[in-house]
Peer 1: 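Starting off with a structure, shown below.
By convention here, the first residue in the shown sequence is residue 1.
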Amino acid sequence: MNGSGAPRVREGSKAVKSHSLLRRLIQSDFEKLLEALTTRQHLAPHEPVAATLANAVDSLGVCPEAVRQALQWLQLDGAQKVGRLRRTELMQLARSVHRYWRQRQPRPAEAQSS
């Protein structure tokens with residue numbers, strides 16, 4: 001600790017802080033997506049899953065290809081009513097969409113080299 005009572009920052013801890021910040025940002029995106037899907041499930045339970053996900057594409061900027069891949073991977077019917085999904089299924093859908101979405105986003109090193 002230094003004189004101000006705050007712990008000293010080492011070079012190695014900067015990487016740890018960057019990693020934890022990145023993890024919080026990624027978790028935040030997932031939570032926003034899950035919250036959007038949950039809200040639509042409660043407000044429009046008769047809406048098809050595909051329409052609910054289209055709303056997430058419009059409001060959150062989710063990649064439509066990530067949505068398509070997640071539906072295909074989970075073998076979900078886009079015409080199924082979102083209100084019929086269990087909480088665990090909704091979470092699995094959000095995680096899958098988020099994972100595919102994150103994979104499709106360019107990494108910082110790739111974006112700089114382009």
Side-chain angles (χ1 to χ4, degrees):
M1 290 204 165
N2 58 21
S4 66
R8 290 185 190 166
V9 177
R10 295 183 184 170
E11 288 299 316
S13 67
K14 286 182 183 179
V16 171
K17 286 183 181 184
S18 298
H19 183 68
S20 65
L21 177 62
L22 180 62
R23 187 177 10 201
R24 279 187 298 198
L25 290 173
I26 290 171
Q27 187 67 22
S28 173
D29 284 344
F30 164 72
E31 288 171 358
K32 287 177 187 174
L33 178 58
L34 180 59
E35 182 180 343
L37 296 179
T38 302
T39 300
R40 296 294 293 188
Q41 185 183 39
H42 289 290
L43 296 179
H46 299 290
E47 181 177 72
V49 171
T52 301
L53 290 169
N55 184 281
V57 168
D58 294 339
S59 63
L60 299 175
V62 176
C63 174
E65 183 61 22
V67 168
R68 188 194 64 74
Q69 286 181 319
L71 282 174
Q72 183 179 9
W73 186 74
L74 293 171
Q75 298 177 351
L76 280 177
D77 180 12
Q80 180 181 2
K81 295 181 182 353
V82 72
R84 301 296 296 170
L85 293 179
R86 291 184 220 109
R87 177 69 178 169
T88 54
E89 293 171 320
L90 197 66
M91 288 180 72
Q92 188 177 28
L93 177 60
R95 285 193 196 285
S96 299
V97 169
H98 183 256
R99 182 179 64 240
Y100 286 118
W101 181 24
R102 205 176 71 212
Q103 287 175 355
R104 298 192 70 73
Q105 291 176 339
R107 291 189 175 85
E110 292 173 3
Q112 289 175 358
S113 64
S114 299

Peer 1: Let's go through T88 and Q92 carefully: what are the C-alpha distance in whole Å and the side-chain angles of both, what is the deciding distance for side chain to side chain contact (heavy atoms under 4.5 Å, CB included) to 0.1 Å, and is it a yes or a no?
Peer 2: CA-CA 6 Å; T88 54; Q92 188 177 28; over 6 Å; no
Peer 1: Just how far is it from atom CH2 of W101 to atom CG of L33, taken to the nearest 0.5 Å?
Peer 2: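 If we round to the nearest 0.5 Å, W101:CH2 and L33:CG are 6.5 Å apart.
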Peer 1: Calculate, to the nearest 0.5 Å, the distance between atoms CG and CG belonging to L37 and L53 respectively.
Peer 2: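 Spacing of CG (L37) from CG (L53) equals 6.0 Å.
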Peer 1: If I take atom CD from residue Q80 and atom CD from residue E47, how far apart are they, to the nearest 0.5 angstrom?
Peer 2: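 That separation rounds to 13.0 Å.
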Peer 1: Going from CG on L93 to CG on L74, what distance comes out if it is rounded to the nearest 0.5 angstrom?
Peer 2: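 The distance works out to 6.0 Å.
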Peer 1: For a quick test of reading the model, state the closest non-hydrogen atom pair linking A66 to V97 and the distance between them.
Peer 2: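 Scanning both residues completely, I find the closest heavy atoms to be CB-O, 3.8 Å.
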Peer 1: Heavy atoms only: give me the nearest R40-T52 pair and the separation to one decimal.
Peer 2: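 Shortest heavy-atom contact: CB-CG2, 3.6 Å.
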Peer 1: Excluding sequence neighbours, so at least two apart, what forms salt bridge (charged side-chain N to carboxylate O under 4.0 Å, His left out) with E65?
Peer 2: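 Checked E65 against salt bridge (charged side-chain N to carboxylate O under 4.0 Å, His left out); matches are R68.
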Peer 1: Measure across H46 and K81 and return the closest heavy-atom pair with its distance rounded to 0.1 Å.
Peer 2: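 Closest heavy-atom pair between H46 and K81: O-CG, 3.7 Å.
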Peer 1: So L34 and R87, do their side chains get closer than 4.5 Å, heavy atoms only?
Peer 2: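 Sidechains of L34 and R87: in contact.
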Peer 1: If only atom types and distance count, is the side chain of Q69 paired as donor or acceptor with the main-chain N or O of Y100 below 3.5 Å?
Peer 2: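 No: the side chain of Q69 does not pair with the backbone of Y100.
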Peer 1: Measure the spacing between NZ of K32 and CG of L60 and express it to the nearest 0.5 Å.
Peer 2: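 Output value for this atom pair is 8.0 Å.
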Peer 1: Mind checking whether L43 and V49 sit in one hydrophobic cluster, side chains of I, L, V, M, F, W, Y counted as touching below 4.5 Å?
Peer 2: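 Shared cluster, no.
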Peer 1: Would you compute the distance between atom CG of L76 and atom CD of E89 and round it to the nearest 0.5 angstrom?
Peer 2: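 Going from CG on L76 over to CD on E89, the span is 7.0 Å.
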